Participant: 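Here it is, the structure, as structure tokens.
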Amino acid sequence: MKPSSNTPTSSIEEALKMIEERTSQMNLEIRKHFDRSKSSSSIELNVQNDNDQQEQPTSNPTRNRGRSYLSKENQMEDISKIFNAIRAKRKTVEKTPSATASNTNHSTPVDVSEFNSPSTRKPSTPNNNFHPSSISRQATPLQNVNSTINGSHQRIDVQHVDDSLATVNNFSVNREEEDVSECTSDRSSTSACSMGSQYNVVELQAKVDALTTALTKANNNLEDFQSGLETSIQKQSELKNYYQSFLKNMSRQHAQKVEDLQERINHLEKENYGLKEQLKTFNNCAINSQAVPATCSRESILSRDAILKASKRASQVCASTKEELQSLKKFLLSEYDPFKEVSNFAQEVVSKSLTIFNDSQISEQYKHKLAELEEKQQQLSQLLLQEINSRKSLQNELIEERGNIRVCCRIRPEWSFPAENTKFVHSLFHRSCIIHEQTTDTVITINRKGRIRTFELDQVYGTSASQDLIFADLKPLIHSSFDGYNVCMMMYGETGSGKSFTMNGTSAQQGIIPRAITELFHLIDMHRCFCDVKLRLSVVEIYNNDVRDMLSPNGSTEKEAYYSSSELRYSAVQDEQHLRQLIKECVSKRSEGRTLMNANSSRSHFIVSIEIEKRLCAQTEKLQPSRDFLLKQPVETNEKTNQQNTSAQNLVTQPLSTKSVLRFVDLAGSENVEMSGVLVNSEQFAETSHVNKSLAAVQDVVVALAQKQRHIPFRNSKLTQVLRDSLEGDSKVLIMVTVSPQDKFGAETIHALSFAEKVKQIKRKKATRQTVVN
Ligand SMILES: Nc1ncnc2c1ncn2[C@@H]1O[C@H](COP(=O)(O)OP(=O)(O)OP(=O)(O)O)[C@@H](O)[C@H]1O
């Protein structure tokens with residue numbers, strides 16, 4: 001492929017030609033200029049060749065040709081050398097200011113002899129890299145460049161080249177104009193012309209330098225451009241070869257495929273033709289009911305019939321299947337609701353089955369846990385029994401420590417008499433209280449007419465002591481009684497001091513007996529699994545030294561000379577309510593009278609005895625350790641009493657069958673006849689006398705017991721006869737002395753507290769459990 005005339009390569013060639021032409025013109029102009037300088041200045045140009053021709057007019061073409069002894073390359077090299085020489089001279093002048101100053105009026109001599117002397121011409125300096133010949137040499141292969149490849153890169157490089165050429169052209173044009181103007185205007189003055197020549201040469205050198213730089217850049221760009229083009233051309237040729245071989249192979253393969261397809265088509269056409277013929281024959285036979293021609297094979301006919309039959313069967317099956325499906329669908333739709341119900345039922349059954357299954361698993365787990373719990377329960381029962389026993393042991397120990405007979409005092413609040421007695425009361429009880437000081441809960445101090453007396457008891461309850469507090473302290477005695485000990489709680493005090501209030505209380509403030517019944521049945525409930533408990537009740541009153549059985553329906557009165565507690569008639573108690581009811585009825589039947597001191601003054605001693613019979617269950621018998629085991633236990637020593645308690649003795653804390661009596665004694669109050677307003681020889685007077693006598697008998701017995709006299713006068717009174725077991729026996733006794741705080745009752749108060757002191761002095765034998773054999 002030839003490059004077109006309009007390609008950048010041709011432009012470059014044209015530009016190079018123009019450069020050559022311009023260069024030759026510049027050469028001529030420079031020559032002219034030097035000739036003029038030589039003729040008008042003292043500077044001698046050493047021109048070797050053809051001085052005459054130089055001096056001749058340039059219009060002679062022969063001469064002009066003779067001056068072309070300089071080749072284009074040499075011309076450019078010479079120009080460069082001249083400029084270099086000029087540059088060197090100029091630098092020398094600039095470095096020597098004195099010389100420059102002295103020569104300011106003289107032109108700098110320039111040696112241009114080398115310019116026109118090929119023999120003395122030196123090789124070009126490295127700084128002058130411009131070689132027009134190299135451009136011509138490099139431009140040669142561009143003739144083979146395909147301008148359509150790498151067009152953009154080519155355009156960029158060519159643009160650089162064009163810019164360089166434009167610079168060269170402008171320089172040449174300007175140079176011509178300047179030279180013409182200079183030559184025409186300054187030719188008249190020689191010295192001026194010499195200075196101007198020197199100036200023009202320097203300026204010319206600068207411009208030639210710029211031209212050289214531009215051409216060097218263009219040269220470099222052309223080199224890059226050439227190498228890129230060569231690579232592109234090489235790759236293009238490689239691609240061309242590859243595609244040619246590829247196309248050849250593809251065309252060969254396609255040709256082969258076409259041949260194969262043609263053969264196949266021919267074969268199929270033949271087959272189709274044969275099949276068409278066979279079909280025609282079948283159709284004709286079917287229409288005319290003719291025999292099958294020989295050309296139709298028997299197998300084909302049979303297969304056709306078979307296919308038809310199979311098809312018919314298949315359609316029949318399809319139809320029947322459709323019908324069945326339809327009927328099934330209808331059936332399903334009709335049976336959907338029942339099916340749904342059945343389904344729900346089935347789901348329920350499944351869920352219940354799962355539940356039962358889980359339950360069965362759970363029940364197994366529960367059985368296992370139940371067995372464990374039963375075992376634990378038995379262990380806990382044993383522990384509970386042990387705890388109960390230990391508690392009882394501690395309680396009994398506590399009571400024993402306190403003494404089997406305890407003496408307490410309760411101070412009632414100040415009096416509040418009925419309204420009709422207000423006048424009398426004010427006239428009688430205007431004096432101050434006798435209770436001087438209650439320093440501790442065991443000491444009571446009495447100031448009686450300036451004489452202070454102190455009584456130390458087991459417990460003193462002040463005026464603010466509640467029923468709850470008192471019963472809390474007495475509760476251990478109830479437990480002891482349930483545990484098999486005989487217990488007796490006795491109220492002793494002057495009339496109206498609060499004996500009945502403390503013992504029975506009111507509906508709002510229950511006393512000891514109703515609270516004891518509650519506690520008793522609570523204990524029965526607690527021990528229900530260990531023992532059977534039976535209660536029996538005996539209520540008697542001693543009125544006018546007569547013992548009256550309060551539970552007797554006809555209110556029979558025992559008037560025997562001697563009466564002991566063992567002879568009391570007990571009535572069976574059904575339950576707690578029954579017991580309460582019986583006691584309530586007995587209390588209501590108690591002999592009472594109205595006195596000035598007490599509107600409901602008790603005129604008799606009232607004794608309530610509850611027999612507690614406790615029988616251990618057979619199961620409990622197994623739980624408790626055997627006596628043999630207990631006897632083998634080590635001997636314990638009581639640190640306080642320094643007495644040895646064997647394990648056998650510890651049996652008292654063990655559950656045993658017992659029969660004990662819990663007794664409540666509400667004595668009639670001692671009273672001052674005058675203060676009570678009892679008339680002499682009246683019924684009340686006799687009652688008061690009997691009461692005071694019986695109380696005196698009790699005091700005598702107590703004193704005898706305290707002093708350990710040989711004779712204890714129990715027989716002096718029915719009361720002491722009944723209380724003999726409690727006072728003398730091995731029961732646990734509590735005596736509560738009730739006193740009034742007023743001075744009016746001072747004598748009775750001191751008397752009651754003195755009685756308490758004497759009771760406290762009684763040394764009683766150790767309380768024992770009232771065991772029975774099962
Ligand atoms: N601690 C007390 N707190 C409140 N009221 C009391 C207290 N003690 C006694 N009373 C009241 O004093 C009055 C007389 O009490 P109570 O009948 O108990 O005396 P008593 O000692 O039984 O007399 P008597 O020997 O004549 O029967 C009653 O109305 C009672 O409610």
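Predicted, not measured: the structure shown is a model, and the values here were computed from it. Numbering of ligands and ligand atoms starts at 1, following listing order.
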Participant: Judging by distance only, is a nitrogen or oxygen of R412 under 3.5 angstrom from one on ligand 1?
Facilitator: yes

Participant: Under 3.5 Å between any N/O of G496 and any N/O of ligand 1: does that happen in this structure?
Facilitator: yes

Participant: Testing I583, I512, V573, L535 one by one against I517 for a side-chain contact (heavy atoms from CB on, under 4.5 Å), which residue passes?
Facilitator: I583

Participant: Between K758 and L705, is there a side-chain heavy-atom distance shorter than 4.5 Å?
Facilitator: no

Participant: Which of the numbered atoms in ligand 1 are under 4.0 angstrom from any heavy atom belonging to G498?
Facilitator: 8 (N), 9 (C), 15 (O), 16 (P), 18 (O), 19 (O), 20 (P), 21 (O)

Participant: Does an N or O from I411, backbone or side chain, lie closer than 3.5 Å to an N or O of ligand 1?
Facilitator: no

Participant: For R410, take its heavy atoms, then give the atoms of ligand 1 lying under 4.0 Å from any of them.
Facilitator: 1 (N)

Participant: Is any N or O atom of L667, backbone or side chain, closer than 3.5 Å to an N or O atom of ligand 1?
Facilitator: no

Participant: Counting C-beta onward and ignoring hydrogens, is there a side-chain heavy-atom pair between T720 and P713 closer than 4.5 Å?
Facilitator: no

Participant: Looking only at side-chain N and O atoms, does S609 offer a donor or acceptor that is under 3.5 Å from a partner on R663?
Facilitator: yes

Participant: Distance under 4.0 Å to a non-hydrogen atom of G669: what atoms of ligand 1 satisfy this?
Facilitator: 25 (O)

Participant: Does A668 reach ligand 1 with a nitrogen or oxygen that is under 3.5 Å from one of the ligand's nitrogen or oxygen atoms?
Facilitator: no

Participant: Within ligand 1, which atoms have a heavy atom of E494 less than 4.0 Å away?
Facilitator: 21 (O)

Participant: Have Q581 and E585 got a donor and an acceptor in their side chains that come within less than 3.5 Å?
Facilitator: yes

Participant: Decide whether the shortest distance between a heavy atom of M491 and an atom of ligand 1 is less than 4.0 Å.
Facilitator: no

Participant: Under the ring-ring contact (aromatic ring centres under 6.0 Å, His included) definition, can you give me all pairs with a residue in residues 750-769, not counting sequence neighbours?
Facilitator: Y492-F755

Participant: Run down the list T495, V739, N504, T738 and name the one with the heavy atom closest to atom 26 (O) of ligand 1.
Facilitator: T495

Participant: With nothing but distance in play, are any N or O atoms of T502 less than 3.5 Å from an N or O of ligand 1?
Facilitator: no

Participant: Which residue in the set L662, V661, L734, I478 passes side-chain contact (heavy atoms from CB on, under 4.5 Å) when paired with V487?
Facilitator: L662

Participant: Using non-hydrogen atoms of the residue, decide whether G493 is closer than 4.0 angstrom to ligand 1.
Facilitator: no

Participant: Verify the distance criterion only: is there a donor paired with an acceptor across the side chains of T738 and S497 at less than 3.5 Å?
Facilitator: yes

Participant: Does R580 pair with E576 as a salt bridge, N-O distance under 4.0 Å?
Facilitator: yes

